[in-house]
Peer 1: 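Just passing along the structure, written as structure tokens.
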Amino acid sequence: MSDPRPDSPTLRLRRLDASALELAELMREGRITTLFQPIVDPRSRGICGYEALTRGPSDSWLHAPQNLFEAARRAGLKVELDFLCMANAFKRFVAARVSGQLFINVSPDTIYEHPNFAQRFVDLANNSGMRMDRCVIELTEESLLEDYDRLRSAMQRLRSEGCAIAIDDLGAGSSGLRAWSELKPDYVKIDRYFVTGIDADPTKLEFVRSMLDMGRAMGCRVIAEGVETERECRELVDLGLDRLQGHLFGRPSANPVAALQQVESLDRSIVTYTALLAEHIANYVPPVPPAMRVTEVAELFRDNPEQLTFPVVEDGKPLGVVRRERLFDLLAKPLHPEIFNKKPVTAVMETPTLLIDSQLRLEQVSRLVTQKSRPRLTEEFVITKDGRYLGLGQTIDVLRLITEQQLQSAKHSNPLTLLPGNAAVRSSIDKLIESRKRFIVAYFDLDSFKPYNDVYGYAHGDQVILHLAGLLSSHFSARLDFVGHVGGDDFLVVMRSADWRDRVVNVLNRFAETVGNFYSPEHASDQSITAADRDGRQRKYPLLTLSVAALDSETLGATSADAVAHLLAHVKKYAKQQTGNSFVLRSDDRIVDLLANARRSSEMLSMDQLVNSA
Ligand SMILES: Nc1nc2c(ncn2[C@@H]2O[C@H](COP(=O)(O)OP(=O)(O)OP(=O)(O)O)[C@@H](O)[C@H]2O)c(=O)[nH]1
């Protein structure tokens, strides 16, 4: 019986059989298209590579890669199709002259079936002028088989040529973790299932976090694919993903895009990156061999009007650089073309030249490149990885990234204490609520700070604020807790340490012990100062104390940082009404006075009482 549905299995099988001929024809005619989708480094906010994706002719049923490869498998043409795709991708990528790596899909079946896969891969790359150390082989997890010895030896050979290895779609099949442990890839790509909607799904978040932890432990970079929304991107950047890929950054296109369009979540991410490294600014410029003649290099410069520098590289080792301006100045002199044109480029290259290791931090790079008496912003230098040429860097990029990073952290931090400000605290609370993590948030506020400022002046007031900031930073865990300075004498601490109560009490005790240091001996012995109140009347004020108002997220029911702030305002009012150092917590529907608790039997006030009293 025929099945009339257009997507029915019967129709699909019939089409597959009929398409064997069509496939053989389009392979013969080379009517296979390669598209390139950018892969982004969130640290440098730039494109660092592209995945090559194959498509059949757009007017054919074989346009979709799934149909194309399935038809090839049934027709026994899978291996040949794979090699055709590789050759196509190499050719188009080299012709596009973009920088970065090329991620190229290889099915492990092809490696098993072809007796000498590695050699054929190397030959194809060499024939297209594609450097092996720019290639990343993506092995699809679904088809990873048990013959790891075979796979490993092919990968070893390719690695020795400089090629990197990635495991694709991690989490989609069942063999990914074993492949990860057996093959020790340079990259793993997390299946898009875990990425889609990660911002609203705590389980997916935990999965990705664990994969990232494993990646860190194994020295392997983790890529998230299928990133489509700003919210997903923000979540992934905050988690610390090494690479991102998806429609948000660019759809697959025949001409690889050289620059990333603006992505708000990347620009606005408040991330304290460990370090920006030289590798983040390396821009791959095809090098020239030392034997290339000066006249040919001059021709290259003419063909590439934007190019200011070409590296001279032999077997991966940088020998020097040749610069446009100097070369043309030289050739402009009488008789010089005749003298130099036929000479190899080594006769005119700049050597020794500055070589920067890819792992140097940008601050160190900046020091090295600006050491010259008159550093030029557009001057390029060579970046190496393990002594081999990786790309060129520009002084202006070093300075741009350092400045951007400084602006980012300045924008989000308090200018006096340099602690994160409101935006960062809110985002940390929102994130904990979204991931349903328990936390205690506490407001620290100085009591009667205005009179202190009036008597001692702003500069002394600043010293007290800095002292309190120091106490908070040193008493809370940098890993689990988050100390923010939300303005004036107000601090917010988001606590996840189990011993949070002790930590708060210790801050209060330490503050009480040290506050006398900020007063004159008379005021300290008097335990008070005299200042005008808000109505202009002189009155006595005790030495500075702290009010701490805290909320337990378990009993909150709050769905956002705004709601938390609203609830906290009530608790703060109650804390402010207590004399001396105070520490109150809203837990369930009650306000618990924790300091009073420590001294005498628990004193509790229901929320109704509190709201009525406020
Ligand atoms: N020295 C200094 N003072 C500041 C800074 N920012 C705000 N202030 C002052 O801090 C005081 C804060 O005002 P309030 O919160 O009403 O002061 P308070 O007297 O502690 O009032 P309560 O919190 O109700 O006890 C004001 O006098 C502000 O001018 C700052 O960066 N440095």
Side-chain angles (χ1 to χ4, degrees), residues 409-426 441-474 483-493 504-505 507-520 523-524 526-551 564-586 591 593-596 605 610-611 613-614:
S409 57
K411 198 159 78 187
H412 298 293
S413 63
N414 182 283
L416 174 63
T417 57
L418 300 180
L419 284 171
N422 238 321
V425 177
R426 290 163 62 92
V441 55
Y443 210 102
F444 286 72
D445 181 26
L446 287 166
D447 305 314
S448 307
F449 186 50
K450 187 175 175 307
Y452 180 89
N453 260 330
D454 292 344
V455 171
Y456 283 93
Y458 246 59
H460 279 85
D462 281 355
Q463 292 308 313
V464 177
I465 291 176
L466 283 168
H467 175 61
L468 177 55
L471 283 182
L472 294 173
S473 304
S474 61
V483 178
H485 185 178
V486 293
D489 59 343
D490 296 334
F491 292 82
L492 262 181
V493 184
V504 175
V505 172
V507 169
L508 288 172
N509 288 341
R510 193 73 196 125
F511 186 77
E513 283 162 23
T514 49
V515 73
N517 300 335
F518 295 91
Y519 290 88
S520 65
H523 289 151
D526 219 28
Q527 290 287 295
S528 70
I529 57 170
T530 305
D533 66 12
R534 290 181 202 261
D535 299 325
R537 282 189 294 263
Q538 292 291 313
R539 55 167 283 208
K540 277 193 164 196
Y541 288 93
L543 301 194
L544 287 167
T545 51
L546 270 173
S547 290
V548 184
L551 273 180
V564 170
H566 182 72
L567 289 167
L568 202 51
H570 285 300
V571 192
K572 188 182 160 198
K573 245 178 208 159
Y574 182 68
K576 280 295 202 190
Q577 287 165 7
Q578 313 305 303
T579 45
N581 287 311
S582 60
F583 176 18
V584 299
L585 168 80
R586 179 184 165 182
I591 296 285
D593 186 333
L594 293 175
L595 284 188
L605 198 68
L610 173 73
V611 172
S613 79

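These values consider heavy atoms only, across backbone and side chains, with no hydrogens, waters or symmetry-generated copies. In this text the structure is predicted, and so the values were computed from the model without any measurement. Numbering of ligands and ligand atoms starts at 1, following listing order.
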Peer 1: Mind listing the closest non-hydrogen atom pair of Asn453 and Tyr458 along with its distance?
Peer 2: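 Heavy-atom minimum between the residues: OD1-CA, 3.7 Å.
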Peer 1: Do Phe583 and Leu546 come within less than 4.5 Å of each other through their side chains, counting heavy atoms only?
Peer 2: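 Not in contact.
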Peer 1: Any side-chain to backbone donor/acceptor pair from Tyr456 onto Ser520? Under 3.5 Å, distance only.
Peer 2: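 Side chain of Tyr456 to backbone of Ser520: a pair is present.
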Peer 1: Heavy-atom contacts with ligand 1 below 4.0 Å: which residues, ordered by chain and residue number?
Peer 2: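 Around ligand 1, where the cutoff is 4.0 Å for heavy atoms, the contacting residues are Asp445, Leu446, Asp447, Ser448, Phe449, Lys450, Pro451, Asn453, Tyr458, Gly461, Asp462, Ile465, Gly488, Asp489, Arg534, Lys576.
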Peer 1: With rounding to the nearest 0.5 Å, note down the distance linking NE2 in His467 to CG in Leu472.
Peer 2: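 Going from the NE2 atom of His467 to the CG atom of Leu472 covers 10.0 Å.
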Peer 1: Using the ring of each side chain (for Trp, its six-membered ring), is His523 parallel, tilted or perpendicular to Tyr519, with breaks at 30° and 60°?
Peer 2: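 Ring orientation, 0 to 90° scale: perpendicular.
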Peer 1: Could you report the tightest heavy-atom contact between Gly461 and Phe449, atom names first, then the distance?
Peer 2: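 That closest heavy-atom pairing would be O-CZ, 3.5 Å.
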